[in-house]
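Everything below concerns the one structure shown next.
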Amino acid sequence: MTTVLDDYLVDPTLSLLDKTRIQAQVLVPVLRALRAELGKDKAEALVGGALRDWSRHLFAAIADGIEGTPRRKWATIQSVWGEVSGREVEVETLHQDKQTLDMDVTRCRFAEFFRALGEPELGALLICEADFDIAAAGEGEVSLERAQTIMQGAPSCTFRYKFARR
């Protein structure tokens with residue numbers, strides 16, 4: 001089955017967590033070498049900027065390939081992203097109506113992996129921040145606020161989506 005994320009996922013037989021582990025095998029030593037050479041702040045700013053640009057462009061390109069309104073583009077990406085990442089997280093929906101969707105992630109295997117590596121900042125860049133890039137596909141019709149993440153040590157990740165009136 002072809003999905004909007006196929007180009008990103010490369011091999012649909014591998015889980016998103018396994019793909020993230022593969023990315024980390026390359027990124028962690030590069031990040032650590034850059035920290036040693038440039039200092040922690042400069043290295044993390046450089047890598048963070050590069051990963052943020054990559055994610056923003058990736059999800060914008062995916063959205064460009066989806067027909068419909070910005071909210072429909074977001075919903076399509078969010079649905080598929082939820083399927084691929086959903087195997088690795090436990091989610092509790094707190095409230096849902098036409099203007100809001102409030103969810104908490106109560107367990108995250110991505111966070112467990114990156115925290116065990118001692119690299120939660122890298123995990124936040126690769127996984128957590130992508131949620132904002134997906135919301136950006138909604139072009140103002142969808143916004144996301146998040147006060148905390150498990151990756152950064154909180155007991156849950158708070159997802160608070162707001163939808164523009166139609």
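All values below come from the heavy atoms of this structure, side chains included, with hydrogens, waters and symmetry mates left out.
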Report task. Any chance you could lay out the side chain to side chain contact (heavy atoms under 4.5 Å, CB included) test for Leu144 and Ile134, step after step, and finish with the verdict? Result -> CA-CA 9 Å; Leu144 169 62; Ile134 294 168; over 6 Å; no
Report task. Apply the test side chain to side chain contact (heavy atoms under 4.5 Å, CB included) to residues Phe132 and Arg146: give CA-CA distance (whole Å), side-chain angles for both, the deciding distance (0.1 Å), then the verdict. Result -> CA-CA 9 Å; Phe132 292 97; Arg146 185 167 48 219; 3.0 Å; yes
Of all heavy-atom pairs between [X] and [Y], which one has the smallest distance, and what is that distance?
| X | Y | result |
| --- | --- | --- |
| Thr149 | Cys157 | CA-SG, 3.7 Å |
| Phe114 | Ala24 | CE2-CB, 4.1 Å |
| Pro70 | Glu139 | CG-OE1, 3.5 Å |
| Glu92 | Thr106 | OE1-CG2, 4.1 Å |
| Gln99 | Arg165 | NE2-NH1, 3.7 Å |
| Cys128 | Met151 | SG-CB, 3.7 Å |

Any side-chain heavy atom of [X] sitting closer than 4.5 Å to one from [Y]?
| X | Y | answer |
| --- | --- | --- |
| Asp133 | Leu58 | no |
| Leu34 | Leu38 | yes |
| Ser156 | Thr158 | yes |
| Leu14 | Ile22 | yes |
| Glu141 | Phe163 | no |
| Arg160 | Asp104 | yes |

Report task. Indicate whether any N or O donor in one side chain lies under 3.5 Å from an N or O acceptor in the other, for Glu129 and Ser55. Result ->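 On atom types as modelled, these side chains do not qualify, holding no pair under 3.5 Å.
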Query - Side chains of Thr93 and Gln96, donor plus acceptor under 3.5 Å - result: no
Query raised in the report: Does the pair Val105 and Glu90 meet the rule for a side chain to side chain contact (heavy atoms under 4.5 Å, CB included), with working shown?
Result: CA-CA 6 Å; Val105 170; Glu90 293 175 13; 6.0 Å; no
Query raised in the report: What class does the angle between the rings of Trp74 and Tyr161 fall in, given that below 30° is parallel, 30 to 60° is tilted and above 60° is perpendicular?
Result: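 Ring orientation of Trp74 relative to Tyr161: tilted.
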Pairwise distance [atom1]([X]) to [atom2]([Y]) - rounded to 0.5 angstrom:
| X | Y | atom1 | atom2 | answer |
| --- | --- | --- | --- | --- |
| Glu119 | Leu125 | CD | CG | 10.5 Å |
| Thr76 | Trp81 | OG1 | CH2 | 15.5 Å |
| Glu121 | Leu51 | CD | CG | 13.0 Å |
| His57 | Ile62 | NE2 | CD1 | 13.0 Å |
| Leu126 | Arg52 | CG | CZ | 9.0 Å |
| Leu17 | Glu112 | CG | CD | 9.0 Å |

Output yes when [X] and [Y] qualify as a salt bridge under the 4.0 Å nitrogen-oxygen rule, no when they do not.
| X | Y | value |
| --- | --- | --- |
| Glu145 | Lys162 | no |
| Lys42 | Glu37 | no |
| Glu88 | Arg21 | no |

Requested in this report: Could you walk me through whether Ser85 and Phe110 pass the side chain to side chain contact (heavy atoms under 4.5 Å, CB included) test, one step at a time?
Outcome: CA-CA 9 Å; Ser85 66; Phe110 298 104; 4.3 Å; yes
Requested in this report: Going by the side-chain contact (heavy atoms from CB on, under 4.5 Å) test, name the single residue among Thr100, Leu101, Asp102 that passes it with Leu94.
Outcome: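 Exactly one option meets the side-chain contact (heavy atoms from CB on, under 4.5 Å) with Leu94, and it is Asp102.
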Query raised in the report: Ignoring hydrogens and geometry, is there a side-chain-to-backbone donor-acceptor pair from Lys73 to Ala63 under 3.5 Å?
Result: yes
Query raised in the report: More than 12 heavy atoms of other residues, nucleotides or ligands under 6.0 Å from CZ of Arg72: is that the case?
Result: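 No, CZ of Arg72 has 12 or fewer neighbouring heavy atoms, counting only those of other groups under 6.0 Å.
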